Every structure is written in C-alpha cells, then in structure tokens.
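First up is the structure itself, then whatever we jot down about it.
Residue numbers begin at 1 in each chain, while the letters A, B, ... track the order of the sequences. Treat the numbers as computed from the prediction; the structure is a model and nothing was measured.
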2 protein chains.
Amino acid sequence: MRLDTGGAKKRITIHDVAAAAGVSISTASKALNNTGRMGDETRERVKRVASEIGFRPNALARGLLSKRSFTIGLLTNDTYGRFTLPVMAGVSEALVDHGVSVFLCAIEDDPALGQVHVEAMLDKQVDGIIASGKRLDRRLPVDLSNLPVPVVYAFTEGAPDSVTFRSDDAHGATLAVEWLQSMGRRRVVHVTGPKEFFSVRERADAFRSVAGESAEVLCGIWSEGWGHDAVDQLWKRDGEKPDALFCGNDQIARGAVDALRERGIRVPEDVSVIGFDNWEIVAAQTRPPLTTVDMELKELGRQAGLTVLALAEGRPVEPGVRKLPCRLVVRQSCGGNSPKL
Amino acid sequence: MRLDTGGAKKRITIHDVAAAAGVSISTASKALNNTGRMGDETRERVKRVASEIGFRPNALARGLLSKRSFTIGLLTNDTYGRFTLPVMAGVSEALVDHGVSVFLCAIEDDPALGQVHVEAMLDKQVDGIIASGKRLDRRLPVDLSNLPVPVVYAFTEGAPDSVTFRSDDAHGATLAVEWLQSMGRRRVVHVTGPKEFFSVRERADAFRSVAGESAEVLCGIWSEGWGHDAVDQLWKRDGEKPDALFCGNDQIARGAVDALRERGIRVPEDVSVIGFDNWEIVAAQTRPPLTTVDMELKELGRQAGLTVLALAEGRPVEPGVRKLPCRLVVRQSCGGNSPKL
DNA sequence: GTCAACTGAAAAAACCTTTTCTCAAAAAAT
DNA sequence: ATTTTTTGAGAAAAGGTTTTTTCAGTTGAC
C-alpha cells in the first residue's frame with residue numbers, strides 16, 4: 001500500500017469565495033479585510049460564505065504584495081543546551097498571537113552552516129531575525145550586520161548599536177546573597193565557573209559588593225565535580241568554615257551539597273547552599289531540593305520576539321542592552337520558606 | 001537615537017538582473033534555472049551578472065507559482081524536555097541541504113494553541129508537517145488527519161496508516177542486558193519507570209527475554225529518588241543481591257549509583273549499573289560516568305525530515321512504524337572498555 | 001530558390017492577494 | 001428637474017517568479 005501524500009485536494013482561493021458569494025474578487029477581499037466600502041449585507045454574506053467553504057488566505061501571495069511574510073528566523077548555536085529552549089518557547093509564544101511563525105535554525109558552531117541558514121531565511125523574506133546562543137559573552141559565528149531585516153540578540157553578545165536582551169546576573173547574584181543573609185548567614189563563599197565567562201565576573205562583583213569586598217570567590221568549571229572539590233578544599237583548611245555557599249550554577253551546587261552530606265554536614269541546618277539557573281532537572285532532584293536563581297529566559301524570549309516584531313513593523317526601538325531581572329526560587333537548600341518581599 | 005530598522009534597502013529582483021544583462025526577464029529566469037534554450041554565452045553572462053549584483057530569488061513568489069514553499073512545520077509539545085531537542089536538530093540538519101526551512105511550533109499541551117499553529121502553518125503553505133513529542137505512546141493534542149499536506153510522526157504516537165519514527169526500545173534493552181552479561185553479570189535487575197509507559201513495558205519484555213523470564217523488574221517513577229529507593233529496597237531484603245542494575249533512564253541510574261556508594265558497594269567492581277537515554281549532563285557527570293543506551297534521536301529526526309520531504313515531492317513512502325536501532329555508549333559504570341562487535 | 005526545421009530570445013499567462021481606480025446607480029441638494 | 005454627492009461594487013494593476021507560447025532569424029534539405 002502506498003501512502004496518500006495528501007497533496008491532491010486543491011486549496012480554495014478567494015476566487016472560490018467570490019464565486020460562491022456572487023461578488024467580484026476585489027469585493028471579496030475588501031469584505032474579508034474590513035476595508036473598502038460596501039453594504040453590510042454584502043460584507044456579512046461574503047464572510048459567512050468564506051468561513052463556510054473554509055477559505056484561508058494564502059500567506060505567500062499576501063506576503064508577496066505586502067512585503068511582510070509574518071515570519072521571523074531564530075538562529076541558535078545551542079542545540080543541546082538548556083538556555084535556548086526556554087528562549088525559543090518564549091519567542092514562539094509571544095509571536096503566535098500576532099500570526100508570526102518562527103523559523104528554527106540550528107547552526108551548531110559552523111559559520112558556513114550559519115551563512116546558509118541566514119541566506120535561506122532572507123530568501124524566504126523573514127521580517128526579522130533573533131540571534132540566540134548559549135553564552136552571553138560570545139558571538140554567533142555569523143555576520144548579521146548589514147542585513148536587509150532587523151536583528152535582535154537574546155542571550156548572546158550583540159553587535160554595537162543593536163538591541164540585546166540578557167539576564168541581569170548582577171541582580172541575580174544580589175538576590176541570592178541577600179536571601180542567604182536574611183537566613184542569618186554571614187560567612188558566604190561564592191563557588192563559580194571559569195573567570196573567562198563575563199557572567200562569572202559580573203556575578204562575582206555583585207557578590208562582593210553585597211557580601212563584603214573580602215568575601216571569597218572560588219573559580220573552577222561548570223561541573224558537579226568542581227562543586228564537590230570546592231567543598232573539600234574549603235573544609236580541609238584551618239580556621240572558620242563558611243556557613244553558606246553561593247554556587248555559580250545548579251550543578252556546582254549539587255556537587256557541593258553531595259560533598260557536604262558526605263562530610264556529615266547538614267544542609268540547610270549547618271550550611272545553606274544556593275544555586276543558579278533553576279534547571280529543574282538538577283535543582284528539584286537534589287536532596288534537599290535547591291533554592292536557586294531563575295534567569296527568566298522565557299520572558300527574555302518573549303520580549304525579544306515582541307521587539308523584533310516592533311522593528312519589523314517600523315516602530316522605533318531604542319538600541320542597547322536590556323538586562324532582565326532574575327527571580328529567586330525558594331526550595332529547601334537554604335532554609336526559609338518564601339522570599340522576603 | 002533611533003534604531004535603523006534596516007528595511008530601507010530594496011531587494012534586487014530578476015528584473016534588475018535582466019536589465020543589467022540586457023536580456024528579457026524570461027531569459028534571465030531560464031538562464032538561472034538551467035532550463036530553456038539559449039546560447040551558452042548568454043547563460044553564462046546572466047549568471048555572472050546575477051551573482052555580481054547579488055541576486056537572490058524571492059522564495060515567496062517562487063512558492064506561489066510552484067506550490068512548494070520549501071518549508072515544513074515541526075510541531076512539538078516537549079518544550080523543555082530533552083527528547084525533542086535532538087530530533088529538531090536532526091530535522092533541521094537534514095533539510096537545510098535541500099533548501100527547506102523548519103517552522104518551530106511549541107504547543108505545550110494546549111489543543112487550541114496547536115490548532116492555531118497548524119492553521120498558521122497551512123496558511124504559510126508548508127510542504128509538510130512533522131509531529132514530535134515527549135512520549136512514544138501519547139498523541140499530540142491536535143487533529144492532524146485530513147490535512148492538505150503530508151504528516152510524519154517522530155517520537156510520538158502517530159495516526160493509523162501514517163509514517164511514524166520511533167526508537168527501538170526492545171533493541172536498546174537487549175543491547176544493555178547483553179552488555180551486562182558480557183561483563184559476566186548474571187543477576188540483573190531492571191529498575192524502571194511507570195508501567196503506564198509503553199516503552200517501559202516494551203523494554204521490560206525485552207529485558208526478560210534476554211535475562212530470563214524470572215528476572216526481576218521494579219517499576220517506579222523517572223527520578224533519581226526512585227533509583228535510590230530501589231537500591232535500598234533490593235539490598236534490605238534477605239538472600240542473594242543483584243550483581244547488575246539495568247535502569248530505565250540515566251536519572252534512575254544515577255540515583256542507584258549514589259545509593260550503592262552510600263552503602264559502600266563499589267561500581268562497577270561489585271555491581272554494574274547501566275542507564276538509558278544517554279543524557280550527557282546526567283550520564284557523564286555521574287561518578288563513575290554511566291554506560292548507557294542512546295536512542296539516536298538526531299538520526300530519528302533526520303530520517304523524519306527526509307521522509308516528509310519525500311512525501312511532499314510525491315515520492316511514494318510505505319506507511320508504518322519504523323523502529324530505529326539504539327546504540328550502546330560505554331563509559332565506566334559497567335566495567336569493560338568497548339562494546340563487543 | 002523554396003520550404004521545413006531549428007535556434008535564440010522575447011512576450012504573455014499564471015500563481016493569489018491587496019489596493020487603487022473607475023463607474024454606474026441611487027440619494028441628496030439646488 | 002438638473003446637478004452634485006454618496007454609495008456599492010467591479011476592473012485593473014501590482015508584487016516576483018516560472019512556464020508556455022510566440023516569433024523572427026538561420027540553417028539545412030530538396
């Protein structure tokens with residue numbers, strides 16, 4: 001048995017509507033778009049007939065004329081990571097209400113592939129492009145300057161004079177430390193990722209300005225192993241031990257919690273641990289579940305979507321970097337029940 | 001300062017090419033498409049001119065005429081999970097070579113939203129649709145029958161007489177158990193997810209037919225906590241203890257490994273543990289790193305992409321369920337170094 | 001030297017909408 | 001009763017491309 005390709009049924013066009021309603025094509029068009037002048041009766045009849053026979057306008061033909069395709073492209077090099085996913089969901093969610101569809105372009109880290117995708121999108125007359133990535137301080141390996149359509153950057157480094165959306169990591173770090181302090185913790189240590197990351201430096205600076213300039217920052221890598229090692233390192237030394245750890249991501253936090261438990265140190269009774277990212281799968285499965293900082297990436301995606309739409313419609317948008325606030329997610333690894341308001 | 005929307009530069013059309021090359025529009029078109037009859041010199045000249053002035057054909061106009069938009073839609077309700085991501089990457093990768101772009105439609109589990117997305121895609125004249133999900137035995141909450149375009153299902157339950165791609169979980173389970181046996185393990189227990197999942201039953205059946213019909217299967221939930229509890233349960237009982245655990249996913253495996261270590265049981269020396277999913281972030285960060293089964297989801301996406309393309313082009317495709325083989329990923333949690341060939 | 005066949009290239013139609021222009025009929029104003 | 005305004009709706013153009021048709025000029029055969 002062969003599969004029906006389904007391509008046989010021919011689509012109904014505005015011609016069919018016009019014929020069925022007994023009017024001209026132009027009248028049909030005007031009736032459906034609520035433009036032009038005509039009798040109420042005629043307009044209603046056309047609309048009714050159109051919906052009866054299931055007419056849906058061909059977006060290609062419409063786009064050809066209006067020079068708007070109601071389509072935008074989302075370029076990302078983060079195919080497996082956890083960052084682009086919520087961003088994509090936010091973009092898609094924000095734009096579907098406006099009848100705009102999103103082209104997904106996974107370019108890995110291949111400049112040639114990126115180029116191919118950008119050209120394909122341009123050929124398809126996208127109204128705009130959102131560039132997204134897995135790291136705030138790295139550019140996508142594609143040249144997006146001098147494109148005939150607007151470009152917005154989300155969670156990746158943008159070109160000068162462009163619009164860029166990113167999380168406010170300093171705000172997130174401040175939230176974290178203030179929460180620890182409100183739990184009565186005074187000897188907080190920041191265990192984080194590689195110094196090369198801009199967000200590591202940014203969070204560390206915010207951490208110091210809230211926890212005190214002499215507060216300690218340990219840089220390592222983004223892994224559980226490092227969280228584990230950092231605890232070993234801290235507890236092997238002489239002198240007073242920390243009473244709280246602010247970790248650079250949830251994986252480090254998880255490693256730290258495990259290491260503390262292995263040492264017989266109770267979390268959160270003896271030491272509070274707070275993570276970053278709110279990666280459900282890590283944060284919620286840690287025992288105890290991690291209190292952490294959420295970067296609100298879906299909201300970030302939503303705003304990026306609305307912004308590229310505004311630009312596409314010619315509405316003015318101020319260029320610059322927009323930092324979106326983070327949100328504290330309280331679980332059990334710090335004690336306490338809800339964020340102070 | 002206001003941001004340049006970039007919309008000003010007007011696109012160059014085939015008219016410009018024709019004018020610049022001193023030929024008619026039709027000749028320009030034929031030259032560029034290698035169709036029609038004309039002198040080699042003319043053809044070359046047109047091509048050269050076109051590339052010089054940077055001509056790119058408008059896909060909207062082309063699609064309007066050819067009734068092919070070189071666009072397909074990817075519908076998924078798995079916005080955060082780990083399954084759709086590799087599938088999407090595979091689809092995108094397979095189709096970009098054919099000049100086909102992919103619309104990403106995240107529909108959560110909202111039927112209304114799904115309907116909106118499907119209609120938007122149809123309006124945009126997609127050549128086909130790929131439906132993807134997070135569970136093999138659940139349908140997407142959208143009616144995709146009687147669509148004017150072909151539909152292919154990937155990692156979600158398909159309609160009767162459709163083309164569906166899924167992983168061969170029985171094969172994966174067989175690979176896992178045979179590997180454990182090749183390590184000399186004879187008392188394997190299968191710790192897995194809820195019985196309601198089709199793949200749980202399928203893997204359990206395969207497990208029993210390789211490990212012996214009396215081999216034990218423990219069903220729980222898909223969490224680390226369950227893996228932990230299952231080990232407690234098994235080791236608290238009297239009698240002979242298992243010498244290997246085949247876990248239903250990497251998270252369960254991780255919980256099991258942690259529980260074993262807490263009991264002073266060495267992995268893999270005393271007990272081998274194998275996971276399922278090859279979720280890098282869990283499998284690679286477990287200590288020891290997990291040997292696990294990869295469902296080859298990217299390949300699955302690639303094949304789904306090529307299949308929907310074939311259907312769109314009217315090439316015949318046999319309907320039915322295609323099960324794709326899994327792949328064993330050897331790390332350290334079972335001992336051994338490489339899969340036997 | 002006439003006619004057929006072939007060659008190269010242009011003209012026109014088609015795809016589906018939207019928008020501007022035109023025009024006849026009806027209503028209002030003189 | 002005649003002119004002006006308003007109303008309703010059709011005709012045509014535009015958007016960028018591909019495809020079919022047409023046509024003039026050349027070549028080859030008889």
Side-chain angles (χ1 to χ4, degrees), chain A residues 7 9-47 49-50 53-71 99 120 122-127 148, chain B residues 7 9-47 49-50 53-71 99 120 122-127 148:
Chain A
K9 326 173 187 57
K10 84 174 214 294
R11 292 191 56 106
I12 39 194
T13 74
I14 200 168
H15 281 86
D16 305 317
V17 178
V23 296
S24 72
I25 296 171
S26 36
T27 302
S29 172
K30 284 184 294 190
L32 294 171
N33 292 299
N34 283 325
T35 61
R37 277 187 327 226
M38 77 190 57
D40 286 349
E41 194 275 331
T42 311
R43 199 181 290 277
E44 283 313 312
R45 178 162 42 91
V46 172
K47 282 183 174 175
V49 168
I53 66 178
F55 168 72
R56 309 229 75 210
N58 183 326
L60 263 46
R62 180 180 264 171
L64 189 55
L65 204 51
S66 67
K67 292 169 176 319
R68 283 284 315 276
S69 63
F70 288 91
T71 281
L122 258 26
D123 290 351
K124 286 175 179 123
Q125 311 290 117
V126 291
D127 297 333
Chain B
K9 326 175 187 57
K10 87 172 214 295
R11 292 189 55 106
I12 40 192
T13 76
I14 200 167
H15 282 84
D16 305 317
V17 177
V23 296
S24 73
I25 296 170
S26 38
T27 302
S29 172
K30 285 183 295 189
L32 295 171
N33 293 299
N34 282 326
T35 62
R37 277 186 331 228
M38 76 189 56
D40 288 348
E41 192 276 331
T42 311
R43 200 181 289 278
E44 284 311 313
R45 177 162 43 91
V46 172
K47 283 183 174 175
V49 168
I53 66 179
F55 167 72
R56 310 228 77 209
N58 182 327
L60 263 45
R62 178 182 266 169
L64 188 57
L65 202 52
S66 66
K67 294 172 174 314
R68 282 286 314 278
S69 63
F70 288 91
T71 280
L122 257 26
D123 289 352
K124 286 177 178 123
Q125 310 289 115
V126 290
D127 297 333

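If you measure from atom CZ of Arg37(B) to atom C1' of dT26(D), you get 13 Å, rounded to the nearest angstrom. Note: NZ (Lys124(A)) to C1' (dT17(D)) measures 15 Å, nearest angstrom. Gln125(A) places its CD atom 9 Å from the P atom of dG16(D), with the value rounded to the nearest Å.
Between Arg37(A) and Lys30(A) the shortest side-chain heavy-atom distance does not fall below 4.5 Å. The shortest distance between side-chain heavy atoms of Lys67(A) and Gln125(A) does not fall below 4.5 Å. The shortest side-chain heavy-atom distance between Val46(A) and Leu32(A) falls under the 4.5 Å cut-off.
When DNA chain C is scanned 5' to 3' for any atom under 4.0 Å from a heavy atom of chain A, the first and last hits are dC16(C) to dT19(C).
Near-neighbour residues of DNA chain C inside residues 23-33 of chain A, defined by a heavy atom below 4.0 Å, number-ordered: Ile25(A), Ser26(A), Ser29(A), Lys30(A), Asn33(A). Of the residues in residues 58-70 of chain B, those lying under 4.0 Å from DNA chain D by heavy-atom distance are Asn58(B), Ala61(B), Arg62(B), Leu65(B).
Considering every non-hydrogen atom in both Asp16(A) and Ile12(A), the closest pair reads OD2-CA, 3.1 Å. The two residues Leu64(B) and Leu60(A) come nearest to each other via the heavy atoms N-CD2, 3.8 Å. Across Ile14(B) and Phe55(B), no two heavy atoms sit closer than the pair N-CE1, 3.3 Å.
Considering only residues two or more places apart in sequence or on other chains, Thr27(B) meets the side chain to side chain donor-acceptor pair (under 3.5 Å) condition with Ser24(B). Residues meeting the side chain to side chain contact (heavy atoms under 4.5 Å, CB included) test with Ala120(B), sequence neighbours left out: Ser101(A).
Nucleic acid contact for Arg56(A): sugar-phosphate only, since backbone atoms but no base atoms lie under 4.0 Å from a heavy atom of the residue. Using a 4.0 Å heavy-atom cutoff across all strands shown, Thr35(B) reaches no nucleic acid atom at all.
If you take CG on Asp123(A) and CG on Asn58(B), they are separated by 8.5 Å, rounding to the nearest 0.5 Å.
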Query raised in the report: Can Arg45(A) and Val23(A) be said to form a side-chain contact (heavy atoms from CB on, under 4.5 Å), step by step?
Result: CA-CA 10 Å; Arg45(A) 178 162 42 91; Val23(A) 296; 4.1 Å; yes
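At distances below 3.5 Å, not a single donor-acceptor pair connects side-chain atoms of Lys124(B) with backbone N or O atoms of Ser69(B).
Secondary structure note: stems in DNA chain D built from 3 or more consecutive Watson-Crick or G-U wobble pairs under 3.5 Å occupy C:1-30 with D:1-30.
Of the N and O atoms on the side chains of Asn34(B) and Lys47(B), at least one donor lies less than 3.5 Å from an acceptor on the other residue.
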